[in-house]
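Here's the structure we're looking at; comments come further down.
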Amino acid sequence: MATAGNLMKKTSAPSASRIRMETPPLIAVSKLDFSIRDDGLEEPVVAEEDGRDGRSWPTKRQKVDGHTKVVRPSDPLPRLKPSMAPHLKMGTTIPRGQSRCQNINFEDVEVNEVESPATPHYELANVRGEHKAALIHKISVKDSCSDLAMVRDWLVECPIFIDALKIAGVEQLRHFRWTPIDRRLISALIERWCPETNTFHLPVGEMTITLQDVAIILGIRIDGHPLIGEPRVGGRSDQWLTWPQCCDELLGEHPDKEVEIENPFNPGETARFDMGQAKSKTCVPLRWLKWRFCHRSYADLQKGKLEHCVRAYILFQIGSFLMPDTSFCEVHLQWLPELENLERFKEYSLGGAVLAHLYRELREAVLCKRKHMSGCLHLLQFWAWEHFCIGRPKLDMPDLPKGGNFPLGYRWNQGLVRKELRSSLKCYRSEFNSLQQSQVIWTPYTQNVLQQLPAICTHGKDIWVARVPLIAWVRVEWHLPDRVMRQFGYQQHISLAAVDEVERVSARGKGNENWFSYHAKYRQLWDARREMLQLPVHVDDDDDKALVRYMHWYLQWAKLDVGRPPVSLPKTYYPQGPVERELCEFLHQTKQTLESLGVNAEHDALLRARDRIMDMAGKVTLKLHLVDYSEVIRGNVSAGDSVPGFPKEIGDKVELLGDF
């Protein structure tokens, strides 16, 4: 099987200052004892530097095979149950009086030798010293530059226009309506993004957005030519001398600051528009595209005018939804020449370009100096809702409409979900810090889900596991599914290939650069994508043992805790997880209900308040999958029985859940 190293020369390895190198293989230890004294204090420890990053770790000296070895409480890790492994937090010093091993029985624990990977691995807090995880005290919620609010007004229901979108391969984009961005959830995810591996570092292992997620959630093509073109405006090309001339031919007109345009969605409102990017005039305003080319019906338009509107709509979707930049008001015209032939545009890997753009924007967003976040943030948010319960709203319609031909992301539209009380950044950060294996939906795209999706969502599914560079014009980023094989239903192995460093360049000052030739080596790798498939590696017959082996390896170098312990006691309580959020909401609503009664409440008002509180209690019971604790203690009710005072249908559904 061909690899990246066979098709291109490897670039120089990253500098040691940007990575956290691995230690030699761990020595097998049959018994560890890091107990807590009766007075609650830890046994005396010595702080020694382990050579990883110059950080002090609490250590002990222990005789191993006749030699004295410095051993940390987490070095090596015991063979644990999968649900316990995420609770071992690495990269922090144990405070006096606490121990990460306090609740673990190390007696008769036998740890086999854990192989140390031959390639370096990256820690979040050590990327140029500017990662959000390293400077957590400077973190604030980032402003979003991606919003479907602009898209929702441009409704596409005309059959002629829909047929034209089918020709271009972007028909599914019309289904997405307004969905608000949870900026705090996105910010919490960005804190865990590792830009060197394009993965999130979570307590349960590495996870990321893949080509599979792009195809299934957005319903756009991922298998095709890389979305990159040769310069066709000015410079070496004479097809169009200027960008206004390109707009005149492909859109029928271009923004002119001398022309006043009326807003079709708000009659009476007018504005003047001009092409952006100073003298080069390489951008057009998004509002201008919507005001000029959005119509109630396109049936009466001639073919040429219809094509103008279709190109404007796709360009508008690229600039506001798929690949927005931090300007949030303009879209670059570099995409417009590729829309000249709509049938050919269907042959491009639009999904690969969207993912490459999102990867690069996440790389920029991890820097504390960056105040805004961009890219297809709805894809990131929908991906998080599909895989985690953190911040996920309730779905009024879990299944897609039958016969509707919708992508999976359609079900998260505003009108199809119930409003959910959003959490703070600290709460989301705490929930990710305490994330467990049982709280992750590793493979949300079941066979039943795939059967409901249009054909384009599964087109090219064989390259879902291709380890290839993704190209979005100037930007190139690596797609590394071999690091997240559990998201495809396979065992995760630790024999990972080194990540080839990509040349990340900017287009500033390179308006006439031929990017098609510039990225020839990456185009060559992409064209060989079916030779770069990552086949599943069988680690162990027991999936749990394979998981424990991976977690042993992963916890050696990954930074799991984001956020520093508070110096003083917090002034408010941040619920950890959906269970505690439901309980806090129940307490809040109960207090409001009782306060509204007043001192001289009438009998009917008291009955209504009682009924409301009992109704809320029933909903909490159903949400938490619990029965009335007092009734269980008395022996009157068992798991699954109805509870006195609760609706029968709720009592039939609730059951005790050992591991929520």
Side-chain angles (χ1 to χ4, degrees), residues 148-179 214-224 247 249-253 262-267 286-322 331 335-336 338-348 350-351 354 378 397 399-416 450-460:
L148 282 171
M150 297 184 67
V151 179
R152 62 177 173 179
D153 294 331
W154 198 332
L155 299 179
V156 177
E157 298 175 347
C158 178
I160 297 178
F161 199 88
I162 295 175
D163 291 339
L165 293 179
K166 288 181 180 179
I167 295 176
V170 293
E171 175 209 357
Q172 303 302 328
L173 295 180
R174 67 186 181 89
H175 295 304
F176 290 96
R177 298 291 184 264
W178 181 59
T179 301
V214 177
I216 291 178
I217 293 177
L218 299 183
I220 55 180
R221 185 185 178 98
I222 60 171
D223 189 15
C247 287
E249 181 172 338
L250 299 182
L251 298 178
E253 58 182 294
E262 184 178 12
N263 183 3
F265 307 98
N266 185 17
L286 293 172
R287 283 201 307 160
W288 176 79
L289 289 172
K290 186 168 68 172
W291 286 18
R292 292 299 297 160
F293 299 97
C294 179
H295 303 281
R296 295 182 180 272
S297 175
Y298 301 85
D300 299 333
L301 298 181
Q302 297 180 354
K303 181 180 179 181
K305 184 60 177 177
L306 177 63
E307 291 181 350
H308 294 165
C309 294
V310 172
R311 293 190 188 105
Y313 178 80
I314 298 175
L315 195 63
F316 179 80
Q317 286 280 4
I318 290 175
S320 61
F321 176 42
L322 297 179
V331 58
W335 316 106
L336 183 57
E338 308 309 315
L339 292 168
E340 181 181 11
N341 188 333
L342 294 176
E343 293 183 2
R344 176 172 171 75
F345 186 79
K346 186 177 182 179
E347 300 175 1
Y348 284 114
L350 179 59
V354 170
H378 287 89
M397 185 178 60
D399 294 329
L400 295 172
K402 294 183 179 180
N405 201 32
F406 300 104
L408 190 61
Y410 170 79
R411 64 177 180 173
W412 298 110
N413 280 342
Q414 174 73 7
L416 303 179
L450 296 179
Q451 290 176 354
Q452 304 177 48
L453 302 177
I456 195 172
C457 292
T458 54
H459 179 267

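Hydrogens, waters and symmetry mates play no part in the numbers below; they use all other heavy atoms, side chains included. Numbers here simply count residues along the sequence, with the first being 1.
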Ring geometry between Phe406 and Tyr410 (parallel below 30°, tilted from 30 to 60°, perpendicular above 60°): parallel
Just so I know, are the side chains of Val170 and Leu350 near enough to count as touching, which here means a heavy-atom distance under 4.5 Å? yes
Given 3.5 Å as the limit, does a donor-acceptor pair link the side chain of Arg311 with the main chain of Leu336, or not? no
Flag the pair Arg292 / Leu251 as yes when at least one side-chain heavy-atom distance between them is below 4.5 Å, and no otherwise. no
Between Phe293 and Phe316, does a ring pair (Phe, Tyr, Trp, His ring centres under 6.0 Å) hold up when you go through it step by step? CA-CA 10 Å; Phe293 299 97; Phe316 179 80; over 10 Å; no
Taking all non-hydrogen atoms of both residues, which atom of Lys290 and which atom of Phe265 are closest, and how far apart? CG-CE1, 3.5 Å
Evaluate whether atom CG of Asn266 has more than 12 neighbouring non-hydrogen atoms of other residues, nucleotides or ligands under 6.0 angstrom away. yes
Between Phe176 and Phe321, how do the two ring planes meet: parallel, tilted or perpendicular, split at 30° and 60°? tilted
With heavy-atom distances below 4.5 Å as the criterion, would you say the side chains of Asp153 and Cys294 are in contact? no
Leu339 side chain reached by Leu250 side chain, heavy atoms, under 4.5 Å: no
Are Leu408 and Gln452 side-chain neighbours, meaning at least one heavy-atom pair lies under 4.5 Å? no
For Arg174, enumerate each residue passing the side-chain hydrogen bond (donor to acceptor under 3.5 Å, both in side chains) test, keeping only those at least two apart in sequence or located in another chain. none
Applying side chain to side chain contact (heavy atoms under 4.5 Å, CB included), run through Phe345 and Ile314 and close with a yes or a no. CA-CA 10 Å; Phe345 186 79; Ile314 298 175; 4.1 Å; yes
Test log, rule side chain to side chain contact (heavy atoms under 4.5 Å, CB included), inputs Leu165 and Leu173: CA-CA 9 Å; Leu165 293 179; Leu173 295 180; over 6 Å; no
Using the salt bridge (Lys or Arg N to Asp or Glu O under 4.0 Å) criterion, which residues pair with Glu249? Sequence neighbours excluded. none
Please enumerate all residues that pass side-chain hydrogen bond (donor to acceptor under 3.5 Å, both in side chains) together with Arg287, with sequence neighbours excluded. none
Nearest 0.5 Å please: distance from the CD atom of Glu340 over to the CD atom of Glu307. 10.0 Å
Do any N or O atoms from the side chain of Asn413 and from the backbone of His175 form a donor-acceptor pair under 3.5 angstrom? yes
Looking at every heavy atom in both Pro454 and Pro407, which two are closest together, and how far apart are they? CD-N, 4.2 Å
Measure the shortest side-chain to side-chain distance between Asp163 and Ile167 over non-hydrogen atoms and say whether it is less than 4.5 angstrom. no
Within 45° cone and under 6.0 Å: Lys305 NZ/CZ vs Tyr298 ring: no
